[in-house]
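Working notes, beginning with the structure itself.
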Number of protein chains: 2
Amino acid sequence: MTTISIIGAGNMATAIGTRAAKHGHTVELLSRNSAKAQSLADQIGNGTTVGTYGAKPAGDIVILAVLYTGAVDMVAQYGDALAGKILVDITNPFNADATGLMTTTGNSVSHQIATVAPDDAHVVKAINTIFGHVLAKDTPLDAFLAGDSAEAKAGVAAFLKSLDMQPLDAGGLEMAHALEWAGVLLMGVARNGAGFDVVLGAKSL
Amino acid sequence: MTTISIIGAGNMATAIGTRAAKHGHTVELLSRNSAKAQSLADQIGNGTTVGTYGAKPAGDIVILAVLYTGAVDMVAQYGDALAGKILVDITNPFNADATGLMTTTGNSVSHQIATVAPDDAHVVKAINTIFGHVLAKDTPLDAFLAGDSAEAKAGVAAFLKSLDMQPLDAGGLEMAHALEWAGVLLMGVARNGAGFDVVLGAKSL
């Protein structure tokens with residue numbers, strides 16, 4: 001298995017880190033709040049480490065498990081420390097009541113991250129259509145992804161598969177905005193009868 | 001069962017009309033091209049009728065099975081003939097390469113239809129996330145819907161259920177744009193590995 005770096009120590013970092021460790025990956029946690037990261041590393045166990053926030057992450061795949069409001073600035077501040085990395089954008093830039101987005105077509109959070117990231121980093125949008133507590137259940141589910149680098153998407157897809165998640169490639173980075181809208185759709189069905197254990201997916205008939 | 005009116009005589013009209021007739025509904029077809037409507041009515045059989053285009057449809061539920069480019073003008077031209085009806089907007093206002101939309105937040109095709117429709121008509125977005133040939137297979141599948149009228153949505157949901165389609169309420173009319181983006185997502189996954197027999201859905205874990 002591989003080393004997965006996760007920037008963040010909140011709910012999504014917990015869910016992804018726990019699921020990744022359970023499936024044999026080595027998890028590295030990175031957070032401005034190193035005490036919180038250490039506490040989460042202890043909780044996850046399985047050799048989970050805490051890295052130095054701002055330094056080059058250990059994993060080839062770096063999951064940006066922070067709120068959308070901070071993700072772009074964080075990547076900009078990291079700068080060249082993210083050179084060559086696959087950056088997984090899991091953010092949902094919801095508007096105030098989660099019926100729409102703060103982003104616009106061609107300017108998804110993924111686009112904004114790609115703009116400030118090192119040239120040889122690759123952004124993949126993924127996992128934003130799954131509630132953290134659903135991810136934490138460790139049951140099989142579908143996971144949409146989008147990005148311009150076929151190689152980076154293959155890497156993320158292999159990681160998702162190793163976690164019993166069925167990757168569904170939606171296309172290039174321009175489709176990241178469609179995934180952000182899928183996050184809105186998820187919230188919509190959850191609040192209108194489906195409940196918050198719901199997950200989006202796709203199947204062939 | 002109920003009478004369902006379908007405006008249009010193309011692929012989606014064929015798929016919806018065939019599936020509705022198979023499940024015991026009486027189908028009325030309405031088209032500018034009455035010869036095409038009659039030919040489709042003969043194909044569907046089961047008592048399918050052809051109504052007078054522009055006159056009051058027989059069904060309480062009127063499915064607007066036309067391209068998005070013509071849907072708004074058509075509803076405007078119908079005018080008061082659609083008073084009190086549930087108008088089902090199934091359109092996908094894709095951009096040229098179907099990676100985005102011609103509509104914007106707060107101005108989905110459903111919003112535009114609601115603006116020109118009679119005051120006591122109710123617009124429900126639905127069925128736009130299902131390919132016609134997948135709908136025609138008559139296998140169980142999920143169907144998202146959105147609209148402001150709970151009563152109209154209940155009517156559409158009952159109709160969908162009667163066709164072995166699991167209705168998933170996404171919320172008010174503001175969510176119609178999220179459903180339009182879900183149409184984009186469907187195209188994306190279909191073209192990037194999932195294939196064109198794919199259908200979107202949601203399940204509780």
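Chain identifiers are assigned alphabetically (A, B, ...) following the order of the sequence lines, protein sequences preceding nucleic acid strands; residue numbering begins at 1 within each chain.
Within the 4.5 angstrom heavy-atom criterion, no atom of A/Leu186 approaches chain B.
When side chains are defined from C-beta on, A/Leu185 does not count as touching B/Trp181, because their heavy atoms never get closer than 4.5 Å. For the pair B/Phe144 and A/Leu200, the minimum side-chain heavy-atom distance is below 4.5 Å.
By the 6.0 Å contact criterion, CG on A/Asp119 is open, its count of non-hydrogen atoms from other residues, nucleotides or ligands being 12 or less. More than 12 heavy atoms of other residues, nucleotides or ligands lie within 6.0 Å of CG in B/Asp164, so this atom counts as buried by the packing criterion. Enclosure of atom NZ in B/Lys137 by more than 12 non-hydrogen atoms of other residues, nucleotides or ligands within 6.0 angstrom is indicated. Other residues, nucleotides and ligands contribute over 12 non-hydrogen atoms within 6.0 Å of the CG atom of B/Asp120.
Chosen from B/Pro140, B/Gly171, B/Ala190, B/Gly100, the residue pairing most often with chain A at heavy-atom distances under 4.5 Å is B/Gly171.
Closest approach of A/Ser204 and B/Ala194 over heavy atoms only: OG-O, 3.4 Å.
Atom CG in A/Leu135 sits 10.5 Å away from atom CG in B/Leu205 (nearest 0.5 Å). From B/Lys203, atom NZ reaches atom NZ of A/Lys203 across 8.0 Å, with rounding to the nearest 0.5 Å. From A/Asn95, atom CG reaches atom CD of B/Glu174 across 9.0 Å, with rounding to the nearest 0.5 Å.
Looking at residues two or more places apart in sequence or on another chain, you find a side-chain contact (heavy atoms from CB on, under 4.5 Å) between B/Ile4 and B/Thr2, B/Ile6, B/His25, B/Ile61, B/Ile63, B/Phe159. The side-chain contact (heavy atoms from CB on, under 4.5 Å) search around A/Asp60 returns A/Lys85, not counting sequence neighbours.
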